[in-house]
Amino acid sequence: MIELNKLRSEKNKIASALKKRGLKEIDNELSKVIELDDQRKNLKSELDKILEESNIIAKDIGVKIKNGEKDSVDELKKRSGELKEKSKSVSEELKSIEIKLRNMLCNIPNIPDEIVPEGNSDTDNIIVSSKELKISNEIKYKPHWDLIKDFNLIDFDTGNKITGAGFPVYIEKGAKLQRALINYFLDEANSNGYSEVQPPILINEESGFGTGQLPDKEGQMYKIEDENLYMIPTAEVPITNMYRKKIIDKGTLPIKNVAYTPCFRKEAGSWGSHVRGLNRLHQFDKVEIVQIENESGSDKALEEMCNYVESLVKSLEISYRKLLLCAGDLGFTASVTYDFEVYAPGQDRWLECSSVSNFRTYQANRMNLKVRDGKNKFLANTLNGSALALPRIVAAILETHQNGNEINIPKALHKYTGFKKINL
RNA sequence: AGAGGAGUGGCAGAGUGGUCGAAUGCGGCGGUCUUGAAAACCGUUGUACCGCAAGGUACCGGGGGUUCGAAUCCCUCCUCCUCUGCCA
């Protein structure tokens, strides 16, 4: 949620930044927000005055009753009754303005950073860097869905039977590879200063609101209707919400957490013929890193996280590239996002395997997360990134390291898999 | 799941209708003393909102109600503890 004070003082700057997202009506919308906030302030003032008088009268009645001056009390009670009526109507009005204001505010996406390029779709994203490995001419690269069958690694049909499309069963060395990757990613994160947590994978509404999935992405999350809980689309939600409604001492920054969790996404409307095998699933595994920083430290934190993610991808000996997302492709809550994509030679496609974002104060404002610096308090900056999402990494590993009758496992994983090759 | 008990400031813990935003202790911060530290003593110490300020308002698990007035009474939901039951 955009900070109201900032909005009031830097309205034009914010409006022009939001226009990069293609929000043409934003000027009007922001003016309306400020207008509502003015109304809110006036009503709050009015209400406070009414309540002040009531409080004075109530105390007065108390004193008078104690002193036995019972007869003079009736008039005060009458006045108090009037004030109560008035306060009821004013506070109702105030409440409805506050709700309107909040609804408007939480439907405005985060302000893109200056470095975020203009653009409408992923074709306008900027390739910041890339490292492409040589592709052998002697190998006819197969897509991973064929390899998975050939080498007996994942059973999609049985997943269909148990649950439905997009819920694969990992088997044999496929299952072992999953576990190896999870452990490898967790260990690496640990040794890079991320403290490991194992959060719930069901979240309540307040948590969903805190990180910005609700109300914006309501339709993308699986919901347990009976309990009013949602299955997490990413560990970002439970991890970041651990710090909801907290004031963190500046000295303890940065907070760095890592968690492995399964993630659940409905992916409504995003299925098509190009989505095969592991490219898009309803349930997938991901190791997620989160940092809480202050305003001045978050750019550095983002850079550090990107470097860390890059080191992971690099260690798997696959081609990758780093993209700076354009405003049109930027998530609702993010200020700036770098995506990492890995190359899958069997399908000649780049697959997104990590998204590293700085949310600045946007989530912190929603969840009331602050940093204390001496006597001052200010909203924290939150950041997160995938490190990494498994399925597309598996796809890229299988497709890149296939070699006829075998698939080579990247060296970094040997001690985790216990095997160096997958054979027919 | 059933029965009983409980939720108060960073923590501990008073307060059961009237100047209570809340005693007291611990912790934190500032100071005196000291070469320095400890101890002792003095002061200070919640959050949000309105206001240029003075000041005001709200908050004692959440929501609602009774009352001129609620931390205190009533309803409801949530959480925790104990016992019983069930169970990975």
Side-chain angles (χ1 to χ4, degrees), chain A residues 1-9 33-106 198-210 214 224-230 238 241-253 255 262 292 361 363-380:
Chain A
M1 203 154 58
I2 292 179
E3 291 166 77
L4 253 175
N5 287 339
K6 229 182 229 174
L7 179 59
R8 295 185 76 101
S9 59
V33 166
I34 289 172
E35 203 180 292
L36 276 173
D37 191 43
D38 287 337
Q39 288 178 42
R40 189 196 114 251
K41 286 180 184 217
N42 287 335
L43 286 169
K44 167 75 174 153
S45 243
E46 195 184 334
L47 179 64
D48 283 358
K49 273 181 201 135
I50 295 168
L51 292 175
E52 182 182 6
E53 196 185 336
S54 303
N55 287 341
I56 291 168
I57 289 175
K59 279 179 188 168
D60 206 13
I61 290 174
V63 172
K64 287 215 157 91
I65 287 175
K66 225 175 224 168
N67 295 343
E69 306 169 41
K70 279 204 170 162
D71 16 331
S72 53
V73 160
D74 286 346
E75 195 151 327
L76 289 174
K77 283 195 181 178
K78 195 181 147 210
R79 174 65 185 153
S80 185
E82 285 166 21
L83 288 170
K84 198 172 183 182
E85 287 288 303
K86 213 164 146 195
S87 77
K88 248 182 196 164
S89 76
V90 173
S91 86
E92 260 164 44
E93 202 181 339
L94 177 61
K95 224 178 232 175
S96 94
I97 295 273
E98 279 172 344
I99 289 168
K100 255 189 224 164
L101 183 61
R102 187 180 163 88
N103 283 343
M104 284 198 81
L105 269 180
C106 71
Q198 213 179 90
I201 60 175
L202 258 51
I203 48 136
N204 59 27
E205 215 171 321
E206 218 178 333
S207 295
F209 179 83
L214 293 174
I224 317 288
E225 289 285 351
D226 286 356
E227 310 281 337
N228 210 23
L229 297 173
Y230 297 83
N241 273 286
M242 294 190 341
Y243 305 99
R244 174 153 46 99
K245 292 182 183 166
K246 285 210 171 195
I247 299 174
I248 295 166
D249 210 62
K250 192 187 168 197
T252 65
L253 297 177
I255 288 175
I292 315 283
T361 57
Q363 293 180 327
N365 194 29
R366 288 177 155 242
M367 63 173 77
N368 207 358
L369 164 57
K370 298 196 171 175
V371 173
R372 173 180 276 122
D373 183 7
K375 281 189 174 173
N376 299 319
K377 288 178 292 289
F378 41 86
L379 289 171

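FYI, side chains are in, hydrogens and waters are out, and symmetry mates aren't considered; it's all heavy atoms of this structure. The sequence lines fix the lettering, A, B, ..., with proteins before strands; numbering per chain opens at 1.
- Rounded to whole Å, atom C1' of B/G51 lies 15 Å from atom CG of A/Leu47.
- Comparing A/Asn42 and A/Leu76 by the nucleotide of RNA chain B whose heavy atom lies nearest to each, the residue mapping closer to the 5' end is A/Asn42.
- Distance CG (A/Leu379) to P (B/U47): 14 Å, rounded to an integer number of Å.
- Remark: A/Arg372 is not in phosphate contact with B/C29, judged by side-chain N or O atoms under 4.0 Å from OP1 or OP2.
- A/Arg79 comes within 4.0 angstrom of no nucleic acid atom, judged by non-hydrogen atoms across all strands.
- Within the shown strands, B/G5 is the pairing partner of B/C80 under the Watson-Crick or G-U definition, both distances less than 3.5 Å.
- Salt bridge annotation for A/Asp38-A/Arg8: present, with a cationic side-chain nitrogen under 4.0 angstrom from a carboxylate oxygen.
- Pair assignment for B/A40: B/U32, on the basis of Watson-Crick or G-U wobble contacts that are both within less than 3.5 Å.
- Remark: A/Lys95 in residues 86-97 of chain A come within less than 4.0 Å of RNA chain B through at least one heavy atom.
- Counting any heavy atom pair closer than 4.0 Å across all strands shown, A/Lys377 reaches sugar-phosphate atoms only and no base atom.
- Nucleotide B/C87 has no partner under the Watson-Crick or G-U criteria, as no pair reaches both atom distances under 3.5 Å.
- Of the nucleotides present, B/C59 is the one that pairs with B/G46 by Watson-Crick or G-U wobble criteria, both distances under 3.5 Å.
- In this structure A/Arg366 satisfies the salt bridge (charged side-chain N to carboxylate O under 4.0 Å, His left out) test with no other residue, sequence neighbours excluded.
- Using N1 to N3 plus N6-O4 or O6-N4 for Watson-Crick, or N1-O2 and O6-N3 for G-U wobble, each under 3.5 Å, B/U19 pairs with nothing.
- With respect to the salt-bridge test (charged N to carboxylate O, under 4.0 angstrom), the residues A/Arg79 and A/Glu53 qualify.
- Taking atom CD of A/Glu98 as the reference point, atom C1' of B/U57 lies 12 Å away to the nearest angstrom.
- Listed in residue order, the members of residues 49-65 of chain A having a heavy atom less than 4.0 Å from RNA chain B are A/Leu51, A/Glu52, A/Asn55, A/Ala58, A/Ile61, A/Gly62, A/Ile65.
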Would you please test A/Tyr230 and A/Leu202 for side-chain contact (heavy atoms from CB on, under 4.5 Å) and show each step?
CA-CA 5 Å; A/Tyr230 297 83; A/Leu202 258 51; over 6 Å; no
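- The side chain of A/Ile247 approaches B/U47 more closely than any other nucleotide in the set B/C68, B/U47, B/G56.
- In summary, the side chains of A/Arg244 and A/Asn241 do present a donor paired with an acceptor at a separation below 3.5 Å, with no hydrogens or angles considered.
- When both distances must be under 3.5 Å, the Watson-Crick or G-U wobble mate of B/U67 does not exist.
- We find that A/Asp60 and A/Lys64 are joined by a salt bridge, their nearest charged nitrogen and carboxylate oxygen being less than 4.0 Å apart.
- Across B/C11 and B/U67, the matching C1' atoms stand 35 Å from one another, rounded to whole Å.
- Using a 4.0 Å heavy-atom distance criterion, A/Lys41 is classed as a sugar-phosphate-only contact.
- Base pairing analysis places B/C11 opposite B/G25; the two distances defining the Watson-Crick or G-U wobble pair are each below 3.5 Å.
- Under the Watson-Crick or G-U wobble criterion, with both distances below 3.5 Å, B/C52 is left unpaired in every strand shown.
- Residue A/Lys370 is classed as a sugar-phosphate contact, given heavy-atom separations below 4.0 Å to backbone atoms only.
- Atom P of nucleotide B/U47 and atom CG of A/Leu369 are separated by 15 Å, given to the nearest angstrom.
- For the residue pair A/Ser207/A/Asn204, the side-chain donor-acceptor check at 3.5 Å is satisfied.
- Distance, A/Arg244 CZ to B/U47 C1': 17 Å, rounded to whole Å.
- In this structure, A/Glu205 places its CD atom 15 Å from C1' of B/C78, rounding to the nearest Å.
- Using a 4.0 Å cut-off between charged nitrogen and carboxylate oxygen, A/Lys88 and A/Glu93 do not count as a salt-bridge pair.
- If you take CD of A/Glu206 and P of B/G63, they are 11 Å apart, rounded to a whole angstrom.
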